[in-house]
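Below, chains carry the letters A, B, ... as their sequence lines are ordered, and counting in each starts from 1.
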Amino acid sequence: MNITDHLTQAIAAALNELYSISADAASITLQETRREFSGDYTLVVFPYVKQARKAPEAVAQDIGAHVAANMPEVSGFNVVKGFLNFEVADSYWLRFIETIASDGRFGLSEQSADEAPVVVEYSSPNTNKPLHLGHIRNNLLGWSVSRLLEAAGANVKKVNLVNDRGIHICKSMLAWLRYGNGETPESTGMKGDHLVGKYYVEFDKHYKEEVKQLMDSGVEEEQAKREAPLMVEAQQMLKRWEEGDKEVRGLWEKMNGWVYAGFDETYRRLGVGFDKVYYESNTYLLGKELVQKGLDLGVLFRKDDGSVWCDLTADGLDQKLLLRRDGTSVYMTQDLGTALLRHNDFGAERLIYVVGNEQDYHFKVLKLILGKLGFSWADKVYHLSYGMVELPNGKMKSREGTVVDADDLIDEMESTAEEMSREHGKNDELTDEERKHLYHILALGALKYFILKVDPTKNMLFNPAESIDFNGNTGPFIQYTHARIRSIVRRAGENEGLNGQCEWDGIQMNEKERLVIKTLHALPSTIRQAAAAYSPALVANYAYDLAKAFNSFYQDTPILKEADQKIKAMRVNICMCVANALRNTMDILGIEVPERM
RNA sequence: GGCCCUGUAGCUCAGCUGGAUAGAGCGAGAGUCUUCUAAACUCUAGGUCCUGCGUUCGAGUCGCAGCAGGGUCACCA
């Protein structure tokens, strides 16, 4: 049992014995003592003074004395107003380091593979344009949350749902037929997703011209948008697609193939992957079946024009369309189908959807309709709603060309990493291949940390004019800390054979050492909290705190140069523990740490 | 307009289920490499926590109202 659990129990006992206050240990919250005061953990006694009928200082004194008398790990306590600060004995911290030094997986729970899995859907791209910064946030979050849940012991299945069909891809196809002159990724040297995206933009350009012409000749805007020849043709193409038209299907397969090759490349560079990939073209029919079931059950209804709806006015929402009047399906139809399919495939304990907060309404409706269709597992659906990535002048809009392209951004990060590394000039002994790998993991480390350190639920700002930092609260800072530690541990291992061996008794620690160890001690609860909140940001901030505490210690405490062999061995052990913790927490963020840099 | 989210230092962000004098990084200023990797460390300056009212022994944190910004309310996804 760790010290904080032990303390809360002892406090509960003290409250009971001293004042007959019955409080269970779980209801007692300790906080870490603030730097300005001496002590390790603090109990705020104000909540108990009324029942104790004593002054806050007296209550704190009583509890402190009681706990100190019963817990040998508590070496002392002090009282400041209503705050009771406990001091933990060095012997406890030393024993703690001793225990975790040999445990490379400290803080990580073992996964139980026979448990019902948690299915995490993320990425979920459309196949009509390349990935941009918004998708990057999605992919990094999805990957990291999966790693985080695994670290907390869950059996996670990562899935991708590729939106490979619909009006959007028809637009790209149509524009390519019209204006493409048979261009291919091979003939142009373009990445396939970028080539297809080019024609999506091309469609929009010509479509706008047509709308403008119609409006100039006196047609209302609504009508013009609906009746522009390109739009009509795109819709016909979608209809032909749903009817299985060979020509349309052939072109569709060809162009989607280009896009997949491009996506795979971007996923590979981002270091993300999936256990299973769903394609909406395979699942939307199931959605249509569900709609039929809903009609049979009477929870859906058909309007005169043939369109199918769900009435949610009783739930305070609107009516929601599920099938267009021409019988083709919409987003919601498909999502109903894929939800059912996924539930059947995995028998999941939870179905997590990593999707932007602009779709909060969609998921609210999705859960409601699943419930109306009679699926008891509707409440297992959890929308992990993350905030938008905004640019200094607002939201990214693909049609207005204000997007930060994912591949471009990664390229830029890599060349910045190379520049920085060359400036430092520390990597001369590396081979070209090792150097290239280093630039890559530093680039991705900077990018991933930048995005993952902010609370997922909040919108965040990205300023393309200021490139992502490599100093301060950044990924490379933590990577650097790890590399420095590894350097020490290598020397220690080679020269001294100190790994995991140490005489622990009677060592006096300094403040810096104690802070590092206390931070290490908080790792398991940090991971638990982060997993409960689906927040890699908590892990990122933890890793930063740990690295900072270590650097401060490293700065003015000799390690290998320490003359006292016992102290030296203890410090090397602290180093190994920190290196492990940094590697494991960064791994949760999908960030690799280098041996040297 | 209805509903949802956000508002903390010049900028980007922390601040766990309410607790001590609100913290980091960047940027600004000053120091530290003959010493285990200076992508580091140490110090200084910088705040009406959007505003008001309320709940509480105690509010950046909870409630209500207002102001500001964003999202959404598609036969787009």
message = Tell me if a side-chain donor or acceptor on A:T557 pairs with a main-chain N or O of A:Y554 at a distance below 3.5 Å.
response =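 Pair absent, no side-chain N/O of A:T557 close to backbone of A:Y554.
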Using the [atom1] atom as the reference point in each nucleotide, state the distance between [N] and [M] in Å, no decimals.
| N | M | atom1 | value |
| --- | --- | --- | --- |
| B:C11 | B:G47 | C1' | 14 Å |
| B:U6 | B:C13 | P | 14 Å |
| B:U8 | B:G70 | P | 15 Å |
| B:G60 | B:C53 | P | 14 Å |
| B:C5 | B:C43 | P | 40 Å |
| B:U56 | B:G63 | C1' | 12 Å |
| B:C4 | B:A65 | P | 11 Å |

request  = For A:K205, check salt bridge (charged side-chain N to carboxylate O under 4.0 Å, His left out) against everything at least two apart and list the hits.
outcome  = A:E202
key: Qualifying residues under salt bridge (charged side-chain N to carboxylate O under 4.0 Å, His left out), relative to A:K225, sequence neighbours excluded   =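 A:E221.
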Need the pair for [N]. Rule: Watson-Crick or G-U wobble, both distances under 3.5 Å, any strand; none if unpaired.
| N | result |
| --- | --- |
| B:G54 | B:C62 |
| B:U12 | B:A24 |
| B:U37 | none |
| B:A30 | B:U42 |
| B:G18 | none |
| B:G69 | B:C5 |

Would you indicate which nucleotide in [options] comes nearest to any side-chain atom of [X]?
| X | options | result |
| --- | --- | --- |
| A:S487 | B:U72, B:U37, B:A40 | B:U37 |
| A:Y361 | B:C73, B:C41, B:C26 | B:C73 |
| A:L560 | B:C36, B:C3, B:C75 | B:C36 |
| A:Q555 | B:U42, B:C36, B:A40 | B:A40 |
| A:Y554 | B:U37, B:C26, B:A20 | B:U37 |
| A:Y480 | B:A20, B:C75, B:A38 | B:A38 |
| A:E358 | B:U37, B:U72, B:C41 | B:U72 |
| A:I167 | B:A38, B:C41, B:C76 | B:C76 |
| A:V44 | B:U72, B:G19, B:C41 | B:G19 |

request  = May I ask you to verify if any side-chain N or O of A:R35 is less than 4.0 angstrom from the OP1 or OP2 atom of B:A20?
outcome  = no
message = Quick check on B:C75: is either OP1 or OP2 less than 4.0 Å from any side-chain nitrogen or oxygen of A:R325?
response =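 Result: no.
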message = Within the structure provided, determine whether A:L133 and A:I451 are in side-chain contact (heavy-atom separation under 4.5 Å).
response =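 When only atoms from C-beta onward are counted, A:I451 and A:L133 do touch, with a gap below 4.5 Å.
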Heavy-atom protein contacts under 4.0 Å, nucleotides 10-16 of chain B, coded B base, S sugar-phosphate only, - none = --SSSSB
inquiry  = Would you say CD of A:E429 has more than 12 non-hydrogen atoms from neighbouring residues, nucleotides or ligands within 6.0 angstrom?
reply    =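 Yes, CD of A:E429 has more than 12 neighbouring heavy atoms, counting only those of other groups under 6.0 Å.
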Taking atom [atom2] of [N] as reference, at what distance in whole Å does atom [atom1] of [X] sit?
| X | N | atom1 | atom2 | answer |
| --- | --- | --- | --- | --- |
| A:E390 | B:C5 | CD | P | 17 Å |
| A:Y284 | B:C75 | OH | C1' | 16 Å |
| A:E429 | B:U37 | CD | P | 11 Å |
| A:D545 | B:G25 | CG | C1' | 12 Å |
| A:Y544 | B:G23 | OH | P | 15 Å |
| A:L43 | B:G58 | CG | P | 20 Å |
| A:Y48 | B:G19 | OH | C1' | 12 Å |

Residues from residues 310-322 of chain A lying under 4.0 Å of RNA chain B - heavy atoms =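 Those residues whose heavy atoms fall under 4.0 Å from RNA chain B, taken from residues 310-322 of chain A in numerical order, are A:D318, A:L321.
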ask   = Step by step, would you call A:D164 with A:N256 a side-chain hydrogen bond (donor to acceptor under 3.5 Å, both in side chains)?
value = CA-CA 7 Å; A:D164 59 344; A:N256 271 345; 4.6 Å; no
inquiry  = Applying side chain to side chain contact (heavy atoms under 4.5 Å, CB included), can you list everything that pairs with A:S487, at least two apart in sequence or on another chain?
reply    =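 Scan of A:S487 (side chain to side chain contact (heavy atoms under 4.5 Å, CB included), adjacent residues dropped) gives A:R490, A:R491.
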Charged tip of [X] within 45° of [Y] ring normal and under 6.0 Å:
| X | Y | result |
| --- | --- | --- |
| A:R137 | A:Y386 | no |
| A:K129 | A:Y200 | yes |
| A:K303 | A:W309 | yes |

With the stacking rule set at 5.5 Å and 30°, tell me whether [X] counts as stacking on [N].
| X | N | answer |
| --- | --- | --- |
| A:F37 | B:A20 | yes |
| A:F477 | B:A40 | no |
| A:F46 | B:G19 | yes |

Distance (rounded to the nearest 0.5 Å) between A:L230 CG and A:C170 SG = 12.5 Å
Could you check whether [X] gets within reach of a base, just the sugar-phosphate, or nothing at all, counting any heavy atom under 4.0 Å?
| X | value |
| --- | --- |
| A:N85 | base |
| A:P47 | base |
| A:H168 | sugar-phosphate |

inquiry  = Walk me through whether A:E595 and A:H482 qualify under side-chain hydrogen bond (donor to acceptor under 3.5 Å, both in side chains).
reply    = CA-CA 7 Å; A:E595 280 293 306; A:H482 178 266; 4.8 Å; no
query = Between A:L442 and A:Q359, which is nearer to the 5' end of RNA chain B once each is assigned its nearest nucleotide?
reply = A:L442
inquiry  = Please compare A:N551 and A:F83 by the position of their nearest nucleotide in RNA chain B and report the one closer to 5'.
reply    = A:F83
inquiry  = Is there, by distance only and without an angle test, a donor paired with an acceptor across the side chain of A:T42 and the base of B:A20 below 3.5 Å?
reply    =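 In this structure, the two groups form a donor-acceptor pair.
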key: hbond_proxy A:D556 side chain to B:A40 base (donor-acceptor, 3.5 Å cutoff)   = no
request  = Using a 90° cut-off around 0 for syn, call B:C67 syn or anti.
outcome  =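 Anti, which is what one calls it when the glycosidic angle falls more than 90° from 0.
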Name every donor-acceptor pair, under 3.5 Å, that has one atom in a side chain of residues 530-543 of chain A and the other anywhere in the protein, sequence neighbours excluded.
residue : atom : partner : partner atom : Å
A:Y534  : OH   : A:R350  : NH1          : 2.6
A:S535  : OG   : A:A537  : N            : 3.4
A:N541  : ND2  : A:A537  : O            : 3.1
A:Y542  : OH   : A:T519  : O            : 2.8

